[in-house]
Amino acid sequence: MIAFSGCSIVLGRACTGRTATVHRQGDRVTVMIGDTIARQLTSDRSVRYRRLTSQKLSGKS
């Protein structure tokens with residue numbers, strides 16, 4: 001889990017202990033682990049905890 005802009009974003013156990021980089025463009029947020037997209041979401045200020053969905057990690061970008 002990472003904290004970003006007042007909310008908590010869950011990444012999952014596979015990302016535990018790894019360094020995450022957050023890229024933000026307006027309301028779109030992308031969390032990268034190395035060169036892999038770990039999470040993409042649209043920022044919603046009314047939700048403070050962003051649970052992990054069944055979405056799988058993407059390949060290299």
Separation of Gln25 CD from Thr30 OG1 (nearest 0.5 Å):
8.5 Å
Results of side-chain hydrogen bond (donor to acceptor under 3.5 Å, both in side chains) for Arg18 - residues two or more places apart only
none
Please find the pair of heavy atoms, one from Arg39 and one from Val10, that lie closest to each other, and give the distance.
NH1-O, 2.6 Å
So do the side chains of Thr42 and Val29 get within less than 4.5 Å of each other, counting heavy atoms only?
no
Considering all heavy atoms, the nearest Ile33-Thr19 contact:
CD1-O, 3.7 Å
With the side chain counted from C-beta on, respond yes when His23 and Met32 share a heavy-atom pair under 4.5 Å apart, and no when they do not.
yes
Atom pair OG1 (Thr16) and CG (Leu11), whose distance is rounded to the nearest 0.5 Å:
8.5 Å
Close side-chain approach of Val31 and Ile37, heavy atoms under 4.5 Å:
no
Main chain of Cys15, side chain of Arg13: is a donor-acceptor contact present, judged purely on distance under 3.5 Å?
no
